[in-house]
K.L.:
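A single structure is presented below for examination.
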Amino acid sequence: MIKFEICKVSKEFYLMKNTFKVVILLIIYFFSNQSILASEINIYSHRQPFLINPFLDAFTQETGIKTNIVYSTKGLAQRLRAEGENSPADVILTVDIGRLYIYEDLGLLAQIKSPILDLAIPKHLKSENNTWFGLSKRSRIIATSKDRVSKDAILRVEDLADPKWKGKICSRPGSHVYNRALMASVIAEHGLEKAEIWAKGLVSNFARRPQGNDRAQVKAIYEGLCDIALINNYYFGKLKYSEDPIQREWAASMRLTFPNQGENDRGAHINISGGGVAKYSKREGNAIKLLEFLSSAQAQRLYSEINFEYPVNPKVSPSDELNSWGSFREDKVSIEKIAELSREAQKIIDRVGW
């Protein structure tokens with residue numbers, strides 16, 4: 001009887017001992033797994049991976065935080081909204097204020113506090129409630145044929161509506177976010193009525209139906225299909241240093257003009273690439289670290305040297321290549337206002353057939 005009781009106690013002790021081991025193992029697994037998760041960050045990106053991989057590699061090298069990217073040109077905001085609190089996303093990166101504003105409009109971005117971002121990014125290039133931040137700037141410039149358009153023939157965006165340029169202008173569709181933002185900037189400056197008059201004049205000067213991307217417009221100038229086009233400034237750099245010699249010839253055939261540089265004029269329209277922290281991020285601290293890194297001098301120089309984009313951080317100068325294109329004054333209208341006017345801009349674009 002005593003022997004039986006001793007065996008019973010031994011068996012219970014054995015079971016307790018093994019149960020304790022299992023609990024310890026589970027605790028170790030949980031915290032180690034949490035540690036692994038804490039050293040990673042998930043990014044939903046509208047920017048192609050090859051454009052941001054150099055930045056992310058530098059971020060990982062500096063912080064030890066691994067980056068995982070989900071890339072798509074469309075549908076990411078809807079995906080994030082459908083995922084809700086279960087979303088794995090930590091950071092959102094976009095290539096246009098209009099797209100970035102969609103995330104804020106849907107309530108998908110967290111309001112964050114960061115003295116580093118406050119110092120690095122000017123007020124007109126971030127949201128009023130700190131939900132998104134501009135990370136690089138690009139200007140919508142006027143590209144003209146070196147052979148067929150004299151140097152100072154076009155100085156303002158408004159000049160593109162002059163009837164003397166009838167049949168001379170090429171453009172990608174007006175509904176593209178880059179042109180919609182430009183249209184919004186014209187509304188901000190002139191009001192709805194005058195902006196629509198300008199848009200009608202622009203469309204009446206088209207050499208062909210709006211089509212293709214910005215590269216296609218430079219190609220059209222090279223081929224003589226038109227003499228003038230609207231493009232983002234960085235396309236000039238990408239064509240100038242393309243591995244394809246034909247594309248380098250396209251760039252050599254054009255002259256770039258930063259518009260609206262007169263003494264009392266508003267300056268050239270700019271747009272941004274930008275980012276924010278996902279509302280339900282499980283790693284908000286690391287997400288903020290990434291945005292802070294992208295606003296740092298190191299990343300800002302990469303934007304300028306690799307992507308031919310302008311730094312948002314006023315303490316960082318543009319690359320030598322960008323400086324060789326000439327300095328310019330930018331339109332200081334709030335980029336948030338450009339986003340707010342995008343719906344009205346699209347209505348005008350639809351009405352005039354851009």
Side-chain angles (χ1 to χ4, degrees), residues 40-63 65-81 83 87-112 114 116-117 120-121 125-127 130-138 176-178 181 232 234 238 270-296 298-313 316 335-336 338-339:
E40 295 189 1
I41 192 172
N42 297 321
I43 301 166
Y44 281 11
S45 175
H46 292 263
R47 301 207 78 167
Q48 297 181 59
F50 77 89
L51 290 175
I52 59 171
N53 280 340
F55 303 82
L56 301 182
D57 291 343
F59 172 71
T60 299
Q61 185 174 0
E62 181 170 304
T63 64
I65 299 170
K66 179 185 175 184
T67 58
N68 307 306
I69 305 175
V70 174
Y71 161 71
S72 179
T73 57
K74 299 178 181 178
L76 284 179
Q78 290 71 26
R79 171 175 173 170
L80 188 64
R81 186 182 189 185
E83 290 170 342
S87 176
D90 299 302
V91 174
I92 310 301
L93 296 177
T94 75
V95 292
D96 175 83
I97 179 55
R99 287 175 175 154
L100 194 53
Y101 195 72
I102 289 171
Y103 286 91
E104 176 165 298
D105 196 39
L106 294 174
L108 300 174
L109 299 177
Q111 187 173 5
I112 65 174
S114 168
I116 293 175
L117 291 173
I121 302 173
L125 298 177
K126 59 188 175 185
S127 72
N130 287 338
T131 55
W132 56 261
F133 303 85
L135 299 171
S136 67
K137 299 182 294 189
R138 63 280 299 275
H176 190 276
V177 288
Y178 300 158
N232 280 354
Y234 56 81
K238 292 182 182 299
I270 62 164
N271 205 327
I272 60 169
S273 73
V277 175
K279 183 177 181 179
Y280 297 112
S281 169
K282 313 301 186 297
R283 293 163 285 262
E284 184 176 286
N286 285 348
I288 294 173
K289 283 182 182 179
L290 176 59
L291 295 182
E292 290 174 343
F293 175 80
L294 292 175
S295 72
S296 70
Q298 180 183 356
Q300 291 290 291
R301 284 193 291 268
L302 287 175
Y303 275 118
S304 190
E305 294 168 1
I306 297 176
N307 289 357
F308 304 104
E309 295 176 285
Y310 290 89
V312 294
N313 190 329
V316 181
I335 201 73
E336 194 160 30
I338 297 298

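If you read the sequence from its start, that first residue is 1, and numbering goes on from there. For the numbers below, each heavy atom of this structure counts, side chains included, while hydrogens, waters and symmetry mates do not.
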K.L.:
Partners of Y178 by ring-ring contact (aromatic ring centres under 6.0 Å, His included), sequence neighbours excluded?
P.N.:
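Testing Y178 for ring-ring contact (aromatic ring centres under 6.0 Å, His included), a comparison that skips the adjacent residues, returns H176.
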K.L.:
Is there a side-chain contact between L117 and I112 (heavy atoms, below 4.5 Å)?
P.N.:
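When only atoms from C-beta onward are counted, I112 and L117 do touch, with a gap below 4.5 Å.
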K.L.:
Side-chain contact test, heavy atoms from C-beta onward, threshold under 4.5 Å: evaluate it for L80 versus I92 and give yes or no.
P.N.:
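Result yes, sub-4.5 Å side-chain heavy-atom pair found.
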K.L.:
Nearest 0.5 Å, please: how far is CG in D90 from CG in N42?
P.N.:
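CG of D90 is found 5.0 Å from CG of N42.
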K.L.:
Donor-acceptor pair, K126 side chain versus E336 backbone, under 3.5 Å?
P.N.:
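It does not hold such a pair.
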K.L.:
If every non-hydrogen atom of I306 is compared with every non-hydrogen atom of K238, which pair is closest and at what distance?
P.N.:
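Closest heavy-atom pair between I306 and K238: O-NZ, 4.4 Å.
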K.L.:
What residues, two or more places apart in sequence or in another chain, satisfy ring-ring contact (aromatic ring centres under 6.0 Å, His included) together with Y44?
P.N.:
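Residues passing ring-ring contact (aromatic ring centres under 6.0 Å, His included) with Y44: none at all.
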K.L.:
Give, for atom CG of L93 and atom CD1 of I69, the distance between the pair rounded to the nearest 0.5 Å.
P.N.:
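It is 8.0 Å, given to the nearest 0.5 Å.
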K.L.:
Applying salt bridge (charged side-chain N to carboxylate O under 4.0 Å, His left out), which residue pairs with at least one partner in residues 43-59 are found, sequence neighbours left out?
P.N.:
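Residue pairs with at least one partner in residues 43-59: R47-E309.
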K.L.:
Okay, side chain of S304, backbone of R301: is any donor-acceptor separation there less than 3.5 Å?
P.N.:
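Side chain of S304 to backbone of R301: no pair is present.
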K.L.:
If every non-hydrogen atom of V91 is compared with every non-hydrogen atom of A287, which pair is closest and at what distance?
P.N.:
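That closest heavy-atom pairing would be CG2-CB, 3.5 Å.
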K.L.:
Do K74 and H46 have side-chain heavy atoms sitting under 4.5 Å apart?
P.N.:
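The answer is no, as the side chains (C-beta and beyond) never meet within the 4.5 Å cut-off.
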K.L.:
Would you say the side chains of S295 and Q300 form a donor-acceptor pair under 3.5 Å?
P.N.:
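No pair is found: no donor N or O on one side chain lies under 3.5 Å from an acceptor on the other.
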K.L.:
Quick one: closest heavy-atom pair of S114 and I288, and the distance?
P.N.:
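Looking at all heavy atoms of both residues, the closest pair is CB-CG2, 4.2 Å.
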K.L.:
Distance check, rounded to the nearest 0.5 Å: L56 atom CG versus S45 atom OG?
P.N.:
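It is 8.0 Å, given to the nearest 0.5 Å.
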K.L.:
Under a 4.5 Å cut-off applied to non-hydrogen side-chain atoms, are F59 and L294 in contact?
P.N.:
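They are not in side-chain contact.
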K.L.:
Minimum heavy-atom separation for A77 and L108, please, with both atom names.
P.N.:
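Scanning both residues, the minimum pair turns out to be O-CD1, 3.5 Å.
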K.L.:
Which residues pass the ring-ring contact (aromatic ring centres under 6.0 Å, His included) test with F308, sequence neighbours left out?
P.N.:
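F308 satisfies ring-ring contact (aromatic ring centres under 6.0 Å, His included) with Y241 only.
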K.L.:
Compare every heavy atom of I272 with every heavy atom of R138, then report the nearest pair and how far apart it is.
P.N.:
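Reported closest heavy-atom pair: CD-N, 3.7 Å.
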K.L.:
According to salt bridge (charged side-chain N to carboxylate O under 4.0 Å, His left out), who are the partners of R79, at least two apart in sequence or on a separate chain?
P.N.:
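Once residues adjacent in sequence are excluded, the partners of R79 under the salt bridge (charged side-chain N to carboxylate O under 4.0 Å, His left out) criterion are E83.
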K.L.:
Could you tell me whether the side chain of I270 reaches within less than 4.5 Å of the side chain of L125, counting heavy atoms only?
P.N.:
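Side-chain contact under 4.5 Å: yes.
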K.L.:
Can you tell me how far apart OH (Y234) and OG (S273) are? Round to the nearest 0.5 Å.
P.N.:
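Going from OH on Y234 over to OG on S273, the span is 9.0 Å.
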K.L.:
Can you tell me how far apart OG1 (T131) and OH (Y101) are? Round to the nearest 0.5 Å.
P.N.:
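These two atoms lie 9.0 Å from each other.
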K.L.:
Would you say that more than 12 heavy atoms from the other residues, nucleotides or ligands in this model lie under 6.0 Å from the NZ of K137, or not?
P.N.:
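Count over threshold, so yes.
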K.L.:
Residues two or more places apart in sequence or in another chain: which of them pass ring-ring contact (aromatic ring centres under 6.0 Å, His included) with Y310?
P.N.:
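Scan of Y310 (ring-ring contact (aromatic ring centres under 6.0 Å, His included), adjacent residues dropped) gives F328.
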K.L.:
Can you confirm whether T73 sits close enough to Q48 that some side-chain heavy atom of one is under 4.5 Å from a side-chain heavy atom of the other?
P.N.:
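They are not in contact (no side-chain heavy atoms under 4.5 Å apart), so the answer is no.
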K.L.:
Okay, side chain of S72, backbone of L76: is any donor-acceptor separation there less than 3.5 Å?
P.N.:
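No, the answer is negative, given that no donor and acceptor are paired below the 3.5 Å cut-off.
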K.L.:
Are any of the side-chain heavy atoms of I97 and W132 separated by less than 4.5 Å?
P.N.:
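With C-beta onward as the side chain, the pair touches.
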K.L.:
Which heavy-atom pair separates S127 from E104 by the least distance, and what is that distance?
P.N.:
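In terms of heavy atoms, the two residues are closest at CB-OE1, 3.7 Å.
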K.L.:
Within the 4.5 Å heavy-atom criterion, are T94 and Y103 side-chain neighbours or not?
P.N.:
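Yes, side chains in contact.
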K.L.:
Quick one: pull up OG1 in T63 and CD1 in I41 and give me the separation to the nearest 0.5 Å.
P.N.:
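CD1 of I41 is found 8.5 Å from OG1 of T63.
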